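Predicted model only: the values in this text are computed from it and were never measured. Order of the sequence lines fixes the chain letters, A, B, ..., with proteins taken first and strands second; residue numbering starts at 1 for each chain. The analysis underlying the following values was restricted to heavy atoms, covering all of them including side chains, and did not include hydrogens, waters or symmetry mates.
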Amino acid sequence: FKPGRKIDDELLAELEEVLLSSDVGWETTDELLSRLKDAAKEDRGKTEPEELMRQVIASLLGEAEAATEPADNNEKPRVILVVGVNGTGKTTTIGKLAHYYRQQNKNVMLVAGDTFRAAAIEQLKIWAERTGCQMVSSMHGADAAAVVYDGFESAINRGMDYLIADTAGRLHTKSNLMKELEKVARVLKKKRETAPHEVLLVLDATTGQNGLVQAKEFTRAIPITGLVLTKIDGTAKGGILLSISRTLNVPVKFVGFGEGLDDLAVFDADTFAAGLLG
Amino acid sequence: ELTQKLDKVFRRLRGMGILSETNIHNALRDVRRVLLESDVNLKVARDFLARVQERAVGQEVIGSVSPAQQVIKIIFDEMVELLGGESARLLVSPRPPTVYMVVGLQGSGKTTFCAKLGLHLKTKGRRPLLVAADLQRPAAQEQLEILAESIGVTVFREKANRAPDACEAAMDYARRNSLDPVIIDTAGRLHIDQVLMAELEEIQQRLSPAEILFVADSMTGQDAVNSAKAFYDKLQFSGAILTKLDGDARGGAALSIRAVTQQPIKFISTGEKLDALEVFHPSRMASRILG
Ligand SMILES: Nc1nc2c(ncn2[C@@H]2O[C@H](COP(=O)(O)OP(=O)(O)OP(=O)(O)O)[C@@H](O)[C@H]2O)c(=O)[nH]1
Ligand SMILES: Nc1nc2c(ncn2[C@@H]2O[C@H](COP(=O)(O)OP(=O)(O)OP(=O)(O)O)[C@@H](O)[C@H]2O)c(=O)[nH]1
Ligand SMILES: [Mg+2]
Ligand SMILES: [Mg+2]
């Protein structure tokens with residue numbers, strides 16, 4: 001996108017190609033291009049088309065940001081439930097989040113709510129050790145809701161600032177597994193009305209249009225309060241995030257860009273928009 | 001649904017003798033949307049539709065079916081052809097033990113697939129060895145050990161510093177214990193990580209696998225061509241595995257992977273349980289992609 005180009009049909013076609021190749025999807029691409037045309041009319045050529053497109057993308061993401069207010073920010077422990085389909089990076093993200101809050105001198109406790117997958121508890125245990133966090137767990141095969149509840153009780157008793165709960169990866173097409181997730185949330189709510197304070201849906205940046213279906217179905221079972229986009233250190237652009245953000249009106253909280261403890265950043269819409277078009 | 005979409009476009013074809021270029025072109029625009037919604041890569045979809053266009057133009061409108069159905073049959077047949085044959089045959093080495101190396105991006109389902117493959121081959125009378133060559137992910141080796149134990153397959157795990165060395169040690173172990181084939185579970189990695197891609201190349205050079213299997217998540221979107229092409233350019237993998245097909249992702253990645261590597265999709269993974277492994281059926285995949 002050389003500087004000085006006009007927003008003509010040729011440029012729009014090129015932008016359409018870039019967006020579609022970044023998993024933005026048809027509907028959202030049409031929406032973005034239509035908003036770009038409106039923005040261009042108002043702008044009257046003062047701004048470069050690429051910069052204008054970045055602003056349009058960032059503002060679409062900003063709408064979801066504005067729609068949410070942080071819930072009960074002062075309550076302790078703040079319960080963060082981490083959910084998503086298999087293999088997206090939930091357990092690793094929890095390790096990174098634990099580190100993130102520990103760096104802010106917060107007391108963080110983890111709870112091994114994935115009682116199903118082989119070595120899931122062992123995997124989280126290693127992250128707990130790496131971040132200096134206590135972890136509540138039970139046996140492989142134990143009831144997930146019961147373990148998360150125990151974790152909550154423990155976190156309350158020990159005056160934790162954060163309780164981060166890992167859950168098993170699950171496909172949204174499995175109604176029994178979605179029911180299990182509802183039960184986990186219900187059990188937390190019974191202990192305290194405001195819990196879980198955060199429900200983070202972890203999305204793999206390589207995910208295509210199915211990401212939107214995932215988000216819709218997960219939020220039906222248990223209201224999602226934030227998104228985490230992982231594996232953005234690869235070549236995938238994570239464009240499906242735009243459709244999800246727009247449809248669910250939910251903000252993107254963090255991005256994961258690697259497999260290490262420090263590879264987590266607070267989401268920045270401008271950076272994301274630049275990466276999408278780059 | 002595709003038939004309804006194309007029916008609208010072709011309604012005007014009633015009474016015309018041939019499928020004209022303009023009519024086909026308009027219909028294929030709708031098909032392109034369907035393909036993109038199914039996560040088929042943009043360029044792959046474009047090339048695919050160009051071939052369909054070639055096959056469809058000039059065909060006589062058959063009286064017994066609607067023009068839309070005629071075009072859909074061409075699209076379906078072309079896709080089945082592109083997705084390849086139904087052979088899940090795994091090559092065997094002339095000098096045992098046979099090595100199957102399993103590679104792919106992070107979280108795609110490799111470790112689970114290795115165990116599934118082990119069970120599948122054990123059921124066929126082989127004595128497989130599962131090799132826990134992921135030395136990087138927390139508790140990766142434990143994960144494979146637990147899965148191996150659940151299916152009564154031997155697992156090799158050594159406290160090595162480097163994966164290629166662990167693999168060589170596993171080969172010695174396999175020979176000494178007459179275990180064959182050797183299934184190597186490698187760490188997930190990005191195709192743009194030069195050091196880790198070189199590591200896979202090293203394992204390949206030292207072990208000469210009979211098959212290198214690229215495990216891909218069926219919900220992968222446009223990026224499928226990038227990772228598949230990079231892994232193929234580096235390793236010339238001999239087969240692909242598509243996982244998590246028990247979900248509702250349309251799986252357009254299958255077409256993308258086939259198009260850029262020409263390698264067959266050998267198996268599909270359809271669940272978390274270790275018996276959830278099936279042979280790939282191109283016609284079923286084509287129906288799924290076309291919605
Ligand atoms: N490159 C990269 N890899 C990541 C990132 N986040 C997680 N991973 C890797 O992705 C793989 C899966 O991560 P997990 O944390 O086990 O994913 P999960 O969602 O907990 O998986 P299940 O519990 O099995 O559903 C691991 O190899 C991680 O190291 C990321 O931001 N970038
Ligand atoms: N529903 C479903 N889940 C699957 C399938 N295959 C694997 N999984 C799940 O996907 C997640 C990731 O599987 P792994 O086998 O750990 O993936 P991996 O490629 O070895 O991951 P890394 O080693 O971190 O790169 C786990 O939760 C598996 O249980 C499948 O076919 N269907
Ligand atoms: Mg996990
Ligand atoms: Mg693995």
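- Note that CG of B:Leu255 and CE of B:Met285 are 9.0 Å apart. Values are rounded to the nearest 0.5 Å.
- In terms of heavy-atom pairs under 4.5 Å with chain B, the best-connected choice from A:Glu27, A:Lys237, A:Arg117 is A:Arg117.
- For a residue to count as touching a neighbouring chain, one of its non-hydrogen atoms must lie under 4.5 Å from one of that chain's; by this rule B:Arg137 touches chain A with the side chain only.
- Looking at A:Gln214, the atoms closer than 4.5 Å to chain B (heavy atoms on both sides) all sit in the side chain, from C-beta outward.
- Interface residue B:Leu105: only side-chain heavy atoms are found under 4.5 Å from chain A.
- With a 4.5 Å cut-off on non-hydrogen atoms, B:Leu42 touches chain A through its side chain but not through its backbone.
- Of the atoms belonging to B:Asn226, it is side-chain heavy atoms, and not backbone ones, that fall under 4.5 Å from chain A.
- Under the 3.5 Å distance criterion, with hydrogens and angles disregarded, no donor-acceptor pair is assigned to the side chains of A:Ser137 and A:Lys125.
- The greatest number of non-hydrogen atom pairs below 4.5 Å with chain A, out of B:Leu190, B:Thr112, B:Leu147, B:Val225, is found for B:Leu190.
- Of the listed residues (B:Leu144, B:Asp193, B:Asp248, B:Asn41), the one with the most heavy-atom contacts under 4.5 Å to chain A is B:Asp248.
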Run the numbers on A:Ile244 and A:Leu203 for side chain to side chain contact (heavy atoms under 4.5 Å, CB included), then give the verdict.
CA-CA 10 Å; A:Ile244 297 173; A:Leu203 279 154; 3.4 Å; yes

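- Considering only heavy-atom pairs separated by less than 4.5 Å from chain B, the leading option among A:Thr88, A:Asp204, A:Asp233, A:Val213 is A:Asp233.
- A:His172 touches chain B through its side chain: at least one heavy atom from C-beta onward sits under 4.5 Å away, while N, CA, C and O do not.
- To the nearest 0.5 angstrom, B:Leu28 atom CG is 9.5 Å from B:Leu35 atom CG.
- With a 4.5 Å cut-off on non-hydrogen atoms, A:Glu217 does not touch chain B at all.
- With a threshold of 4.5 angstrom between heavy atoms, B:Asp246 approaches chain A through its backbone and through its side chain.
- Neither the backbone nor the side chain of B:Arg189 comes within less than 4.5 Å of any heavy atom of chain A.
- The closest side-chain donor-acceptor pair between B:Asp217 and B:Ser108, if any, does not fall under 3.5 angstrom.
- Salt bridge present: B:Arg157 and B:Glu145 bring a charged side-chain N and a carboxylate O closer than 4.0 Å.
- Interface check for chain B: of the options A:Val85, A:Thr235, A:Ile126, the most heavy-atom pairs under 4.5 Å are formed by A:Thr235.
- Under 3.5 Å, the side chains of A:Thr28 and A:Ser243 contain a donor-acceptor pair of N or O atoms.
- The environment of CZ in B:Arg284 is sparse: at most 12 heavy-atom neighbours from other residues, nucleotides or ligands sit within 6.0 Å.
- Aromatic ring centres of B:Phe280 and B:Phe267 lie farther apart than the 6.0 Å criterion allows.
- Between A:Leu15 and A:Leu277 there is a side-chain heavy-atom pair separated by less than 4.5 Å.
- Heavy-atom distances place both the backbone and the side chain of A:Glu122 under 4.5 Å from chain B.
- Contact count versus chain A (heavy atoms, under 4.5 Å) is highest, among B:Ser38, B:Ala230, B:Gly107, for B:Gly107.
- Ranked by heavy-atom pairs under 4.5 Å with chain A, the list B:Gln141, B:Arg250, B:Lys43, B:Gln136 is led by B:Gln136.
- Ranked by heavy-atom pairs under 4.5 Å with chain B, the first of A:Ser22, A:Ala236, A:Gly239 is A:Ala236.
- Using a 4.0 Å cut-off between a side-chain N of Lys or Arg and a carboxylate O of Asp or Glu, A:Lys183 and A:Asp143 qualify as a salt bridge.
- Contacts of A:Lys174 with chain B are made by side-chain atoms alone, with heavy-atom separations under 4.5 Å and no backbone atom involved.
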Walk me through it: do B:Phe237 and B:Tyr232 pass the test ring pair (Phe, Tyr, Trp, His ring centres under 6.0 Å)?
CA-CA 5 Å; B:Phe237 62 75; B:Tyr232 184 69; 5.5 Å; yes

